[in-house]
Amino acid sequence: TYITAFTQGYSPASMVLDIPPAGGTNPVDASLSESSAFLGPLRIRTALVNQYQAAERWMLDRIGIENVIRTAGSMGLEVNGSDPPGVDRWTSGETNASLIQTAFAYGVIASQGMMVGAPSLDGSTRDEPSPVGPTLLSEVVEDNQRLAYRYQPARKAVLSPPLAFLIIDVLSDVSARWPRLGQGNPLEVGRPAGAFAGESPDGSG
């Protein structure tokens with residue numbers, strides 16, 4: 001969501017509003033509307049790393065869910081196949097992205113906007129032509145010790161380096177995570193490191 005916002009002129013210092021959705025009738029809107037913990041005006045930097053859903057919903061309403069889905073697809077994330085979710089499903093984190101797809105997408109950010117992976121066998125990932133796909137294999141050796149496969153990375157530019165830098169800068173901001181995780185949390189590793197705390201579908205962590 002916020003990568004897309006940055007492409008439309010927003011910055012980490014831009015303001016978002018963590019407020020109840022206006023006139024929403026779907027279950028996510030109802031859940032958000034019942035919350036008593038709305039924080040009002042926030043910087044994107046704070047809203048992003050603390051995963052404030054109402055603030056993300058507010059931003060989605062302004063930048064367009066279709067644009068966000070397009071950004072996700074370009075980074076290798078499958079978003080509910082051919083049936084893109086509505087805003088309510090997106091803000092609840094309801095996508096079809098697997099763990100490896102999610103790690104692959106974060107790898108684009110870590111590689112300064114470059115998608116790095118195995119050459120795709122069919123020449124595409126999802127809807128766009130792409131020579132790159134995720135892999136879990138480094139090499140395959142047969143019984144006779146003959147090398148059958150060795151990972152040779154392919155590359156494709158997905159995000160501009162300045163855009164990737166903005167996300168890295170926000171995700172490595174230790175103090176910005178304190179409202180959700182507290183000071184001295186396990187993500188503080190003694191050096192700059194981009195990190196993001198999400199939740200499993202059942203909310204357990």
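What you are looking at is a predicted structure, and each value in this text was computed from that prediction instead of being measured.
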Would the distance check show the side chain of S111 and the main-chain N or O of V108 forming a donor-acceptor pair, the cut-off being under 3.5 Å? no
One should read off an interatomic distance between Y10 OH and Y2 OH, to the nearest 0.5 angstrom, of 10.5 Å
Would you say R43's side chain and A13's backbone share a donor-acceptor pair under 3.5 angstrom? yes
Which atom of F38 lies closest to which atom of A54, heavy atoms considered: CE2-CB, 3.5 Å
Identified side chain to side chain contact (heavy atoms under 4.5 Å, CB included) partner of L159 from the options T7, I3, I167, L166: I3
Kindly check if the number of other-residue, nucleotide or ligand heavy atoms within 6.0 Å of CG (D143) is above 12? no
Determine the minimum heavy-atom distance between I109 and A164, stating which atoms define it. O-CB, 3.9 Å
If you round to the nearest 0.5 Å, how far is OG1 of T46 from CG of D173? 7.5 Å
Check against side chain to side chain contact (heavy atoms under 4.5 Å, CB included), R45 and D169: CA-CA 9 Å; R45 178 180 296 273; D169 182 69; 2.7 Å; yes
I need the R150 CZ to S138 OG distance, nearest 0.5 Å. 7.5 Å
Spacing of M59 atom CE and T1 atom OG1 [to the nearest 0.5 Å]: 9.0 Å
Taking the side chain as every heavy atom from C-beta outward, state whether F6 and S14 have any atom pair closer than 4.5 Å. no
Steps toward side chain to side chain contact (heavy atoms under 4.5 Å, CB included) verdict (W58, L42): CA-CA 11 Å; W58 185 90; L42 296 169; over 6 Å; no
Nearest 0.5 Å please: distance from the CG atom of L136 over to the OH atom of Y151. 11.0 Å
State plainly whether one hydrophobic cluster holds both I19 and M15, where clusters connect Ile, Leu, Val, Met, Phe, Trp and Tyr through side-chain heavy atoms under 4.5 angstrom apart. yes
Does any N or O in the side chain of N185 come within less than 3.5 Å of the main-chain N or O of L187, such that one atom is a donor and the other an acceptor? yes
Check I63 against Q8 and note the closest heavy-atom contact, atom names and distance. O-NE2, 3.3 Å
Hydrophobic cluster partners of V174 (side-chain heavy atoms under 4.5 Å): W178
Under a 4.0 Å threshold between the charged nitrogen and the carboxylate oxygen, would D61 count as salt-bridged to R57? yes
Please determine whether residues M75 and I69 belong to a single hydrophobic cluster, defined as Ile, Leu, Val, Met, Phe, Trp and Tyr linked transitively by side-chain heavy-atom distances below 4.5 Å. yes
Hey, what do you get for CZ (R180) to OH (Y52), rounding to the nearest 0.5 Å? 8.0 Å
Pair L77-T102, side chain to side chain contact (heavy atoms under 4.5 Å, CB included): steps then yes or no: CA-CA 7 Å; L77 286 172; T102 303; 4.3 Å; yes
Let me check something: do V116 and I168 share a hydrophobic cluster, defined by ILVMFWY side-chain heavy atoms less than 4.5 Å apart, either directly or through other members? no
Same hydrophobic cluster for M114 and V132, using side-chain heavy-atom links shorter than 4.5 Å among ILVMFWY? no
